[in-house]
Colleague: 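This structure is in structure tokens; I'll ask about it shortly.
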Amino acid sequence: MYTQAMDTMGKEPAEGALRAAEDPRLQQRFDERIDAGEFIEAKDWMPDHYRKTLLRQISQHAHSEIVGMLPEGNWITRAPTLKRKAILLAKVQDEGGHGLYLYAAAETLGTSRDQMIDALHTGKAKYSSIFNYPTLTWADIGTIGWLVDGAAIMNQVPICRCSYAPYARAMIRICREESFHQRQGFDALLTMMTKGTQAQKDMVQDAVNRWWWPSIMMFGPPDDQSPNSAQSMRWGIKRVSNDELRQKFIDATVEQARILGVTLPDPDLRWNEERQAHDFGAIDWNEFWRVIGGDGPCNRERLAARVNAWEEGAWVREAALAHARKQQQRSIKEAA
Ligand code: FAQ
């Protein structure tokens with residue numbers, strides 16, 4: 001899937017050979033620019049492995065946004081008030097927009113959106129583990145905003161300084177919207193916890209119990225089991241490690257849980273004065289690898305929904321293309 005450098009496809013072998021001969025100098029210049037903290041633009045020379053790594057991460061991220069619309073979309077018709085329905089509708093629409101910015105950023109690296117979507121639909125490309133869990137009650141929607149968007153922001157703010165400029169630019173816009181998403185989730189839960197019935201409070205606690213561990217898995221495997229981290233950090237694609245981000249998220253969330261009046265489902269969670277951070281219990285990494293391997297509670301359902309939407313939406317894409325062609329022909333005629 002991660003077709004590299006479509007811009008180099010079909011060029012003469014002589015030019016390819018020339019580029020190969022230049023590579024050590026180009027590589028050196030690229031390394032110097034990375035070390036100096038410069039941003040790399042789409043037109044700049046970059047090593048193939050850098051391009052591939054970016055495509056892997058950005059496409060995974062784009063797919064997460066699009067698949068992430070499904071668990072929340074499930075509740076649009078069942079939101080408890082018109083206000084909450086309008087907020088949820090806008091949020092789900094924002095996630096679709098984030099996916100589009102990210103597919104566009106990935107396209108600058110030479111892989112088409114159709115290729116990326118095909119990789120998703122055939123199970124070759126990943127999306128975030130978190131979206132393979134079900135949304136059973138309305139409290140799940142608030143909890144996704146609070147914990148899932150909260151974790152997403154913690155992970156994504158450092159990507160605003162990613163060395164690849166088109167990705168960094170997309171992330172600046174995305175992060176602004178994600179912080180609203182996190183707040184609306186917290187607000188929905190706070191309303192239930194302060195004004196709700198006991199049954200509603202119990203529903204919030206139940207949702208937090210189910211989403212806590214999958215949320216802290218979102219940051220990826222521990223640093224010593226993360227095959228991509230070292231190189232991605234060296235290239236400034238990732239700025240902060242998986243474990244550091246997870247720790248920062250846990251430290252920030254404990255206080256928010258206290259304000260909400262919910263208990264985080266980890267008996268080992270406690271402040272460590274020496275580390276000036278919270279200790280926490282063992283994460284079930286078997287569950288994480290099982291879910292990203294395709295065997296989570298909703299993997300099959302999510303993929304089937306995406307494939308179905310693609311197939312059922314074929315006529316919309318065809319109509320849009322036909323309209324664009326007509327518009328183009330009209331403007332050519334008018335210009336003639
Ligand atoms: N789920 O070597 P590492 C959101 C894979 S957006 C699935 O540590 P890396 C907004 C990883 O791809 C959420 N797979 O990998 C929203 C790699 O496999 P590969 C998405 C995971 O790339 C909210 C393998 O494990 N955010 O939530 C996961 O250095 C609400 C080894 O891992 C992003 O994508 C996972 N959780 O670090 C939308 C942010 N973790 O590719 C709707 C950008 C790891 O070699 C509603 N991405 N893997 O086959 C990143 O920062 C990084 O890609 C990490 C993983 C940190 C996710």
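Atoms considered below: every heavy atom in the structure, side chains included; atoms not considered: hydrogens, waters and symmetry mates. Just so you know, ligand 1 is whichever comes first in the structure, and atom 1 is the first atom listed for that ligand.
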Colleague: Can we say Arg169 and Glu41 salt-bridge, meaning some charged N sits less than 4.0 Å from an Asp/Glu carboxylate O?
Modeller: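 Salt bridge: yes.
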Colleague: Going by heavy atoms, is Glu72 under 4.0 Å from ligand 1?
Modeller: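 For ligand 1, residue contact (heavy atoms, under 4.0 Å) with Glu72 is present.
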Colleague: What I want to check is whether the side chains of Tyr127 and Asn132 have a donor and an acceptor closer together than 3.5 Å.
Modeller: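 Result is yes, a qualifying pair exists.
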Colleague: Any atoms of ligand 1 less than 4.0 Å from a non-hydrogen atom of Gln60? List them with their elements.
Modeller: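 Those atoms are 12 (O), 34 (O), 53 (O), 57 (C).
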Colleague: To the nearest 0.5 angstrom, please state how far the CZ atom of Arg84 sits from the CH2 atom of Trp75.
Modeller: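 Reported to 0.5 Å precision, the distance equals 14.0 Å.
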Colleague: Short N/O distance, under 3.5 Å, between Arg56 and ligand 1?
Modeller: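 Right, the criterion is met.
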Colleague: Between Pro221, Ala230, Ser232, flag the one that comes closest to atom 32 (O) of ligand 1 by a heavy atom.
Modeller: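 Of the listed residues, Pro221 has the closest heavy atom.
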Colleague: So which bit of Val291 gets within less than 4.0 Å of ligand 1, heavy atoms only: side chain, backbone, both or neither?
Modeller: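 For Val291, there is no contact with ligand 1 at all, from either part.
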Colleague: Taking atom types as modelled and ignoring hydrogens, do the side chains of Gln115 and Ser112 form a donor-acceptor contact shorter than 3.5 angstrom?
Modeller: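 Note: Gln115 and Ser112 side chains meet the donor-acceptor criterion.
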Colleague: Would you mind checking if Arg246 and Asp243 are paired as a salt bridge, meaning a charged N to carboxylate O distance below 4.0 Å?
Modeller: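 Yes, charged N to carboxylate O under 4.0 Å.
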Colleague: For residues Tyr50 and Ser163, is any side-chain donor paired with an opposing acceptor at under 3.5 Å?
Modeller: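 Yes - a donor-acceptor pair under 3.5 Å links their side chains.
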Colleague: Quick one: look at His61 and ligand 1, take heavy-atom pairs under 4.0 Å, and tell me if it's side chain, backbone, both or neither.
Modeller: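 Looking at His61 and ligand 1, atoms from backbone and side chain both fall under 4.0 Å.
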Colleague: Given the rule that I, L, V, M, F, W and Y join up when any side-chain heavy atoms are under 4.5 Å apart, are Phe131 and Ile153 in one cluster?
Modeller: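 No; Ile153 is not reachable from Phe131 via cluster members.
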Colleague: For Arg300, check salt bridge (charged side-chain N to carboxylate O under 4.0 Å, His left out) against everything at least two apart and list the hits.
Modeller: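 Salt bridge (charged side-chain N to carboxylate O under 4.0 Å, His left out) list for Arg300, sorted by chain: Asp295.
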Colleague: Counting heavy atoms only, which part of Lys126 comes closer than 4.0 Å to ligand 1: side chain, backbone, both or neither?
Modeller: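 Near ligand 1, Lys126 shows its side chain, while the N, CA, C and O stay back.
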Colleague: So, Asn299 side chain and Gly296 main chain: donor-acceptor pair closer than 3.5 Å or not?
Modeller: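 Yes, because the side chain of Asn299 sits within donor-acceptor range (under 3.5 Å) of the backbone of Gly296.
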Colleague: Quick one: does Met69 get an N or O within less than 3.5 Å of an N or O on ligand 1?
Modeller: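 N/O-N/O distance below 3.5 Å does not exist for this pair.
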Colleague: Answer with yes or no whether the side chains of His61 and Gln156 bring together a donor and an acceptor at under 3.5 Å.
Modeller: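 His61 and Gln156 do have a side-chain donor-acceptor pair below 3.5 Å.
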Colleague: Could you see which bit of Leu245 sits under 4.0 Å from ligand 1, with heavy atoms only: side chain, backbone, both or neither?
Modeller: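 Contact part for Leu245 vs ligand 1: neither.
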Colleague: So for Lys91, does at least one of its heavy atoms come nearer than 4.0 angstrom to any atom of ligand 1?
Modeller: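 Lys91 counts as a contact of ligand 1 under the 4.0 Å cut-off.
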Colleague: Give the atoms of ligand 1, by number and element, whose distance to some non-hydrogen atom of Lys238 is under 4.0 Å.
Modeller: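 Atoms satisfying the 4.0 Å criterion: 8 (O), 9 (P), 29 (O), 37 (O).
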Colleague: Looking only at distance, does Ser226 have an N or O less than 3.5 Å from an N or O of ligand 1?
Modeller: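 Checking ligand 1 against Ser226, an N or O pair does fall under 3.5 Å apart.
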Colleague: Is Lys91 paired with Glu95 through a side-chain N to carboxylate O contact shorter than 4.0 Å?
Modeller: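 So Glu95 pairs with Lys91 through a salt bridge.
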Colleague: Please confirm whether the backbone N or O of His278 pairs with a side-chain atom of Gln247, one donor and one acceptor, at under 3.5 Å?
Modeller: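 Confirmed, Gln247 side chain pairs with His278 backbone.
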Colleague: Decide yes or no on salt bridge (Lys or Arg N to Asp or Glu O under 4.0 Å) for Arg234 and Asp35, but give the supporting numbers first.
Modeller: CA-CA 9 Å; Arg234 163 77 189 85; Asp35 290 343; 3.1 Å; yes
Colleague: With a 4.0 Å cut-off on heavy atoms, is Ile58 touching ligand 1?
Modeller: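 Checking ligand 1 against Ile58, which is what was asked, there is no heavy-atom contact under 4.0 Å.
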Colleague: Where does Ile292 meet ligand 1, judged by heavy-atom distances below 4.0 Å: at the side chain, the backbone, both, or neither?
Modeller: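 Ile292 to ligand 1: side-chain contact only, backbone stays beyond 4.0 Å.
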Colleague: Would you tell me whether Asp279 and Asn272 have side-chain atoms, one donor and one acceptor, within less than 3.5 Å of each other?
Modeller: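 Yes, a side-chain donor-acceptor pair sits under 3.5 Å.
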Colleague: Any idea which of Val67, Ile237, Leu147, Asn155 brings a heavy atom closest to atom 51 (O) of ligand 1?
Modeller: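 Considering heavy atoms of Val67, Ile237, Leu147, Asn155, the nearest to atom 51 (O) of ligand 1 sits in Asn155.
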Colleague: For atom 56 (C) of ligand 1, which candidate among Phe288, Phe219, Trp289 provides the closest heavy atom?
Modeller: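 Selected option, by shortest heavy-atom distance: Phe219.
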Colleague: Looking at Gly220, which atoms of ligand 1 are within less than 4.0 Å of one of its heavy atoms?
Modeller: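 Listed by number with element: 40 (N), 44 (C).
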Colleague: Mark up the atoms of ligand 1 that fall under 4.0 Å of a heavy atom belonging to Ser128, in ascending order.
Modeller: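 Those atoms are 1 (N), 7 (C), 13 (C), 20 (C), 36 (N).
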Colleague: Does ligand 1 come near enough to Glu65 that some N or O of the ligand is less than 3.5 Å from an N or O of the residue?
Modeller: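 No, no N or O pair falls under 3.5 Å.
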Colleague: At under 4.0 Å between heavy atoms, which part of His181 makes contact with ligand 1: side chain, backbone, both or neither?
Modeller: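 It is neither part, as no heavy atom is under 4.0 Å.
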Colleague: List every atom of ligand 1 that sits less than 4.0 Å from any heavy atom of Asn242, numbering the atoms from 1 in the order shown and giving each element.
Modeller: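 That gives atoms 8 (O), 56 (C) of ligand 1.
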Colleague: With a cut-off of 4.0 Å, which atoms of ligand 1 are near a heavy atom of Met218?
Modeller: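 Ligand 1 atoms under the 4.0 Å threshold to Met218: 27 (O), 36 (N).
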Colleague: How does Ala152 reach ligand 1, if at all, at less than 4.0 Å between non-hydrogen atoms: by side chain, backbone, both, or neither?
Modeller: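 Side chain only; the backbone of Ala152 stays clear of ligand 1.
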Colleague: Tell me whether Asp149 is salt-bridged to Arg183, with the criterion being a basic N under 4.0 Å from an acidic carboxylate O.
Modeller: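 Here Asp149 does not pair with Arg183 in a salt bridge, since their nearest N and O are not under 4.0 Å apart.
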Colleague: Identify which of Ser241, Gly99, Pro227, Gly296 has a heavy atom lying nearest to atom 31 (C) of ligand 1.
Modeller: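 The option holding the nearest heavy atom is Pro227.
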Colleague: Is Glu178 in contact with ligand 1, taking contact as a heavy-atom separation below 4.0 Å?
Modeller: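 A heavy atom of Glu178 does come that close to ligand 1.
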Colleague: Go through ligand 1 atom by atom and flag the ones less than 4.0 Å from a non-hydrogen atom of Gln156.
Modeller: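 Matching atoms, with element in brackets: 6 (S), 26 (N).
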Colleague: Does Phe249 have any ring-ring contact (aromatic ring centres under 6.0 Å, His included) partners at least two apart in sequence or in another chain, and if so, which?
Modeller: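 With neighbours one apart ignored, the set is Phe219.
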Colleague: What atoms of ligand 1 come within less than 4.0 Å of a heavy atom belonging to Met217?
Modeller: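 Those atoms are 36 (N).
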Colleague: Is it the side chain (CB and beyond), the backbone, both or neither of Phe131 that lies under 4.0 Å from ligand 1, heavy atoms counted?
Modeller: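 Under 4.0 Å from ligand 1, Phe131 contributes side-chain atoms alone.
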